[in-house]
Amino acid sequence: MKLFTFLLFFLLTATCAVAQQDAAYTPVLLTGPNSFKPLPANWKLVSEVFFNPLADGDPVLKNGTGVLVNIPAKNKKWNEGHLLTNMEHGDLDLDLDLMMAKGSNSGIYLQGRYEVRLSDSWGKQDPDYTDAGGIYKREANTEGAEGRPPAQNVSRAPGLWQHMQIVFRAPRFNAEGKKTENARLVKVIYNGVTIQENIELSGPTTGGIASDETAMAPLMFQGDHGQVALRNIRYRVPPANTEPVRRASAVVNPILVSPGVAPVVHRGFLNYNGKKLTAPVAVGYPQKVSYAYDLDKGRLLEVWRGDFLDATGMWYSRGEQQLAVALGSLIVLPGKPTLAFLPGKDSVWPDSNTAAYNYLGYDLLKDGSPVFKYQLGDAMIRETLTPDNSGKRFTHSISAEMAKEAKDLWFRVAEGSDIALQPGGLYAVNDKQYYIQLPEKVKPLIRKTAANTTEMLLPVTIKDQKGGVNYELVW
Amino acid sequence: MNWFGRLAANALTCALCFSYSQASFGQQAPAAILPDKEEDYYRLLTLPIPQGTILEIGGMATLPNGSLMVCTRRGEVWNISNTTGPGMPVYKKFASGMHEALWLAYKNGDVYVTQRSELTRLRDTDGDGRADSYDKVYSWPISGNYHEYAYGPMFMPDGNMRVTLNLSWIGKGASLTKWRGWMLEITPDGKMTPIAAGLRSPAGFMMNAAGDVFYSENQGDWVGSGRITHLEKGDFAGNPASLRWSGEPGSPVKLTPADIPDTGEPMFDVAKRVPGLKPPAIWLPYGIMGKSTSELLNDYTGGKFGPFEGQLFVGDQTQSKIMRVALEKVNGVYQGVLFPFREGFSSGILRMVWGHDGSLFAGMTSRGWSAVGKEEYGLQRLVWTGAMPFEMKTVRAMPDGFEIEFTQPVDRAIAADPASYAITGFTYKYHSTYGSPVINNAACPVLGVVVSQDGMKARIVADSIRMGYIHEIKAEGVRSAKGKPLLHNFGYYTLNSIPAGEKLKITAVRPAIAHHAGMQGMPAKTPAQKPAVAVPSAKRVIAQPVSWGKAEADYTVVIGTKPGLKFDQAVFYVKAGSRVKLVFNNNDDMQHNLVIVQPGTAIEVGELGMKMGLLGEKNNYVPQTPKVLYHTNLLGPGTKETIYFTAPTKSGDYPYECSVPGHFYVMQGIMKVLN
């Protein structure tokens with residue numbers, strides 16, 4: 001129904017040329033002047049897509065509108081089946097959601113000519129220019145000519161909705177039609193992280209709609225390579241650059257914290273949901289995945305993929321903010337305590353365990369991972385979050401020791417706008433923001449919260465004074 | 001004495017002779033003896049640190065095996081072995097990831113540090129030289145304010161731990177969360193008892209052999225100058241922000257913020273009518289004896305560090321030096337004397353510990369505040385050469401003056417001459433304003449001196465000694481029996497109580513000699529307070545001159561500050577002879593001024609300002625010299641001042657600086673006057 005709402009709202013106001021100066025984005029529609037050229041057969045309009053992140057197989061589609069999915073035919077031809085807009089653009093600020101299938105690749109061609117790569121680069125440690133967010137090489141027949149990898153690999157699992165924003169500056173020509181300035185990728189922001197900035201493009205990429213360069217041309221989405229889904233595609237003329245010019249006297253050498261061969265544990269202040277937390281701990285792994293955990297309340301705050309931390313705010317001069325900043329692509333979690341005693345199945349999950357929770361410290365495992373220790377009521381808890389070797393998943397686990405019998409200790413796995421079981425057994429959380437994988441045969445309690453979100457809980461069974469629970473966060 | 005002993009004695013004497021007077025070695029006449037230097041007696045050695053190890057030392061302890069365990073402001077703990085050589089010291093990381101560790105203690109195989117919000121025990125359970133457990137002993141709430149530093153633990157004999165908490169800073173000291181500005185006691189199983197309040201910046205504290213606890217304080221709001229206070233349970237040490245929590249259960253402090261008057265009277269006087277307010281045992285005159293008092297280290301080395309066994313060494317972060325304190329108890333009250341000891345450290349001293357050989361290790365960092373020593377961080381070692389310096393060993397209060405005990409016999413005739421000495425009494429204001437000028441300074445004429453038979457003591461009888469006042473005691477004229485001047489010829493005695501006892505009968509009252517009776521660098525003062533200078537100065541015009549009429553100045557320049565002793569503008573341009581309105585906005589958390597000087601005279605003017613000594617603050621650290629063109633007054637944190645002046649008619653680069661002692665070396669800019 002999203003599409004019809006857009007049509008009603010914008011049909012009267014949309015114009016052909018991209019000449020608007022206002023800040024609002026214009027959506028790209030399916031019909032009307034502000035739309036795509038007729039869809040090739042490989043592009044379908046659906047309401048939902050499932051791509052299996054862990055196994056090869058066909059996608060599962062749901063009828064409806066709102067999502068464009070590309071499923072190239074088995075006998076697809078090279079350079080056919082691309083998606084093109086009716087509108088032609090010069091400078092462009094493009095914003096969209098995208099979803100990759102396992103092993104897939106595609107590309108966004110600005111002006112149908114300059115490619116920003118889309119790819120399933122999940123878990124790749126050293127991305128190259130063919131990986132997600134990379135700038136593909138020029139047409140010139142030299143090895144990797146001007147191909148540029150993304151500054152960080154912030155790709156998420158196939159089948160999850162990811163977000164990209166591209167700010168593009170078209171080439172400039174003089175009155176005689178001679179090019180005076182190269183096209184430029186002003187910014188590519190992928191999953192919230194700037195992965196390309198101010199990169200000049202000396203010429204078009206191979207496989208575009210033309211080899212020449214021009215002031216205005218359509219936007220293209222590559223359709224001949226792999227399966228990809230798109231939604232919420234919108235654009236505008238980039239607003240004037242209001243970033244202040246960096247003054248010579250304001251230069252500060254950043255102080256970055258990176259894991260080496262062992263994980264790094266880092267205590268410092270962190271901003272979380274607009275608030276400065278004073279007792280979080282950030283842990284960064286060599287596999288380039290990290291998380292932040294709040295020792296004050298025993299709750300997982302966020303996870304991120306990419307570079308670890310910028311500690312300039314802590315260690316430059318007086319460090320007046322004492323703030324560390326996560327550098328990778330964040331998934332901010334709801335930040336409720338991991339464990340709680342719930343008297344009944346309808347008891348509301350607490351925002352904080354206050355008096356019952358007593359932080360004790362952390363131990364370091366042989367590999368350097370921390371194990372957080374705390375008391376919750378009468379239970380002694382050990383909690384860990386550790387990634388697998390590829391960095392594709394975190395195992396979040398607790399072990400509990402309790403002298404008394406306890407039937408009401410619960411473990412909160414996730415909360416989101418929805419939690420939906422997918423074909424293959426994974427649960428997709430928060431409109432396919434990340435997956436949860438439960439151990440075999442474990443049946444969770446999934447219920448609505450007072451805020452009309454959905455949460456997943458697991459009971460912690462204490463037997464012989466011990467109990468344990470875990471799940472995997474796959475993203 | 002056998003032949004070996006005689007040989008050794010001779011060798012020692014020769015060595016002493018050589019180190020005492022290299023100039024006179026081999027000379028006939030006892031001519032000009034080169035003055036001793038501190039390094040003749042205490043050698044300063046630098047420990048190398050591997051590049052990339054940012055050793056901003058916050059805490060240090062010496063381990064039983066002689067290694068140093070050191071924690072840093074970046075939350076790391078390093079085990080440093082082979083610190084005394086030969087060969088290079090070896091650095092092994094023991095722990096990391098903590099939030100600003102500013103103190104380290106070692107007990108029973110465990111390392112204890114304070115982070116911002118937590119007292120943490122680090123334990124190496126598997127013996128691999130790295131901590132495996134980071135356990136919380138106790139934690140306290142924090143607001144996130146950068147000034148909320150925490151220090152400790154100091155282990156008490158009963159196994160409990162003492163911790164102190166810095167105030168928050170919001171343009172002035174504040175206690176934003178519970179127990180900021182307090183000393184706390186924590187049991188090994190994490191039970192907390194509040195001990196004392198009124199602290200502001202309690203980076204250093206210690207327990208002496210008698211079991212008494214002292215802490216060091218930094219000049220600031222309610223703290224006229226640096227000080228060392230004997231802190232007992234229930235004491236209030238002076239800054240009222242922490243009294244916010246005095247009503248909490250378990251608080252032994254009964255005072256409330258409303259009980260503390262903000263009059264600017266001396267603290268000693270206020271303490272007489274506000275029971276619970278504890279005046280310090282030692283005042284450290286600001287700018288002369290440091291600016292950021294830090295570590296307190298008792299000399300219990302048994303003589304391995306020279307002749308000052310039992311005395312107290314005091315570190316300073318800004319002036320990169322160590323001072324020396326000799327405490328005594330008079331009528332049950334702690335007081336004593338403060339001397340210079342050793343300067344020249346490479347960065348700001350925060351921590352000091354003894355090596356097993358009685359050498360002193362200084363752990364240093366200056367990031368964010370600047371220090372005389374230019375390195376960002378460092379680790380140095382001070383070693384006694386074994387030679388005896390000629391010093392005032394200690395000063396004791398007497399019923400009628402003071403008695404100086406020297407480290408070596410003095411020339412008795414010179415030492416008996418009152419003209420060899422000058423004593424001045426002074427104090428500071430106790431008020432909410434940041435810092436304080438010296439007030440009520442007055443000479444204490446020396447009436448007579450009695451020198452002991454062995455030449456080791458000089459008992460000075462002086463007039464106008466005032467209880468509660470700091471007394472500057474100069475002994476510039478004194479010479480050793482061998483003719484040497486004192487290595488350090490002045491000290492500051494904080495006189496909280498005057499001992500009872502027999503006064504000496506001094507028959508001849510010698511007149512005070514004018515040029516000796518004054519304070520450092522300034523002419524003699526009468527006991528009456530000189531009125532404040534009310535004559536408007538042409539160098540500081542703070543209202544638009546009438547001659548400018550209603551017209552705006554040709555140039556309006558606004559200059560502020562940046563952390564690390566910097567102006568936020570390094571240069572500004574004006575035309576020669578133009579009218580300039582300059583707004584100086586001191587947005588820093590310490591005092592500054594802005595002084596415009598003749599080309600090339602920035603350091604010269606700054607050093608003249610330093611020579612103003614104790615009276616510098618009252619005169620805004622602006623010396624009387626034609627090299628100074630225009631200036632603001634000394635501004636407290638968060639205040640601003642506007643001055644109006646006409647730019648010089650001669651073009652050139654006219655420096656402007658903050659002439660507060662120590663600041664002017666780096667805090668400079670240039671007013672470029674163009675044709």
Side-chain angles (χ1 to χ4, degrees), chain A residues 247-250 252 255 257 259-260 262-272 275-284 293-296 308-309 311-324 357-375 382, chain B residues 54 56 72-76 93 95-101 115-126 128 130-149 169 177 190 365-370 376 562-571 588-589:
Chain A
R247 287 168 50 196
S249 61
V252 167
I255 304 172
V257 183
V264 171
V265 175
H266 178 104
R267 286 186 71 166
F269 299 152
L270 277 180
N271 274 336
Y272 172 76
K275 201 170 163 228
K276 186 194 228 183
L277 297 185
T278 56
V281 58
V283 185
Y293 183 89
D294 184 8
L295 299 174
D296 251 355
F308 184 40
L309 282 181
T312 314
M314 291 180 64
W315 297 336
Y316 176 77
S317 187
R318 288 177 204 171
E320 301 211 0
Q321 285 305 311
Q322 284 299 301
L323 271 175
Y357 170 82
N358 180 27
Y359 167 68
L360 298 174
Y362 57 86
D363 293 336
L364 294 183
L365 300 175
K366 269 286 175 235
D367 75 338
S369 291
V371 178
F372 305 115
K373 305 180 288 190
Y374 56 91
Q375 276 169 315
R382 292 172 71 86
Chain B
I54 314 288
E56 296 171 327
T72 74
R73 290 168 72 184
R74 292 202 181 183
E76 301 182 326
K93 195 183 284 193
S96 59
M98 290 174 290
H99 194 177
E100 198 157 45
Q115 308 187 46
R116 269 188 173 254
S117 64
E118 185 181 294
L119 169 55
T120 310
R121 186 194 68 205
L122 304 171
R123 179 171 283 178
D124 174 13
T125 42
D126 58 5
D128 67 348
R130 280 200 306 271
D132 315 294
S133 290
Y134 292 59
D135 290 326
K136 176 196 85 176
V137 177
Y138 186 74
S139 69
W140 44 84
I142 54 178
S143 78
N145 185 280
Y146 85 96
H147 212 255
E148 290 168 355
Y149 303 114
W169 178 262
T177 56
T365 172
S366 64
R367 166 170 59 84
W369 275 276
S370 222
E376 279 266 299
K562 284 193 304 193
L565 298 182
K566 296 184 177 81
F567 292 111
D568 68 358
Q569 243 183 280
V571 66
D588 202 354
D589 66 1

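Just so it is clear: chains get the letters A, B, ... in the order the sequence lines come, proteins before strands, and each one is counted from 1.
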S.K.: Please rank A/Val265, A/Leu360, A/Val371 by heavy-atom pairs under 4.5 Å with chain B and give me the top one.
M.R.: A/Leu360
S.K.: Shorter than 4.5 Å, heavy atoms on both sides: which option in B/Arg121, B/Arg73, B/Arg116 has the most such pairs with chain A?
M.R.: B/Arg116
S.K.: At a heavy-atom separation under 4.5 Å, does A/Leu323 approach chain B through its side chain, its backbone, both, or neither?
M.R.: neither
S.K.: Assess whether salt bridge (Lys or Arg N to Asp or Glu O under 4.0 Å) is satisfied between A/Lys366 and B/Asp132, documenting all intermediate values.
M.R.: CA-CA 9 Å; A/Lys366 269 286 175 235; B/Asp132 315 294; 5.6 Å; no
S.K.: Which residues satisfy the ring-ring contact (aromatic ring centres under 6.0 Å, His included) test with B/Trp369, sequence neighbours excluded?
M.R.: none
S.K.: So A/Val281 and B/Met98, do their side chains get closer than 4.5 Å, heavy atoms only?
M.R.: no
S.K.: Mind ranking A/Leu277, A/Ile255, A/Val264 by heavy-atom pairs under 4.5 Å with chain B and telling me who comes out on top?
M.R.: A/Ile255
S.K.: Let me know if B/Glu100 has heavy atoms under 4.5 Å from chain A in its side chain, its backbone, both or neither.
M.R.: side chain
S.K.: Could you check if a side-chain atom of B/Pro563 sits within less than 4.5 angstrom of a side-chain atom of A/Glu320, using non-hydrogen atoms only?
M.R.: yes
S.K.: If you apply the rule side chain to side chain contact (heavy atoms under 4.5 Å, CB included), what do you find for A/Trp315 with B/Arg367, and how did you get there?
M.R.: CA-CA 9 Å; A/Trp315 297 336; B/Arg367 166 170 59 84; 4.2 Å; yes
S.K.: Is there a donor-acceptor contact under 3.5 Å from the side chain of A/Arg267 to the main chain of B/Gly97?
M.R.: no
S.K.: With respect to chain A, which residue among B/Ser370, B/Ser366, B/Gly144 yields the maximal number of heavy-atom pairs within a distance under 4.5 Å?
M.R.: B/Gly144
S.K.: Ion pair present between A/Asp363 and B/Arg123, side-chain N to carboxylate O less than 4.0 angstrom?
M.R.: no
S.K.: Mind listing the closest non-hydrogen atom pair of A/Tyr359 and B/Tyr134 along with its distance?
M.R.: OH-O, 4.3 Å
S.K.: From A/Lys276 NZ over to B/Ile142 CD1, what is the distance, rounded to the nearest 0.5 angstrom?
M.R.: 9.0 Å
S.K.: Quiz question: by atom type and distance under 3.5 Å, do the side chains of B/His99 and A/Gln322 form a donor-acceptor pair?
M.R.: yes
S.K.: Calculate, to the nearest 0.5 Å, the distance between atoms CG and OG1 belonging to B/Asn145 and A/Thr278 respectively.
M.R.: 12.0 Å
S.K.: Side chain from CB out, backbone as N, CA, C, O: work out which of these in B/Gln115 comes under 4.5 Å of a heavy atom of chain A, or both, or neither.
M.R.: side chain
S.K.: Go through the steps to decide whether A/Arg318 and B/Asp589 satisfy the test side chain to side chain contact (heavy atoms under 4.5 Å, CB included), and finish with yes or no.
M.R.: CA-CA 11 Å; A/Arg318 288 177 204 171; B/Asp589 66 1; 3.2 Å; yes
S.K.: So for B/Gln569, is it side chain, backbone, both, or neither that comes closer than 4.5 Å to the heavy atoms of chain A?
M.R.: neither
S.K.: Contact part of B/Ala570 toward chain A, heavy-atom cut-off under 4.5 Å: side chain, backbone, both or neither?
M.R.: neither
S.K.: Are B/Asp135 and A/Tyr362 packed together at the side-chain level, in the sense that at least one heavy-atom pair is separated by less than 4.5 angstrom?
M.R.: no
S.K.: Less than 4.5 Å to any heavy atom of chain A: does that hold for the side chain of B/Arg130, its backbone, both, or neither?
M.R.: neither
S.K.: Is any side-chain heavy atom of B/Lys136 less than 4.5 Å from a side-chain heavy atom of A/Leu295?
M.R.: no
S.K.: Run the side chain to side chain contact (heavy atoms under 4.5 Å, CB included) check on A/Val257 and B/Arg74 step by step: do they pass?
M.R.: CA-CA 11 Å; A/Val257 183; B/Arg74 292 202 181 183; over 6 Å; no
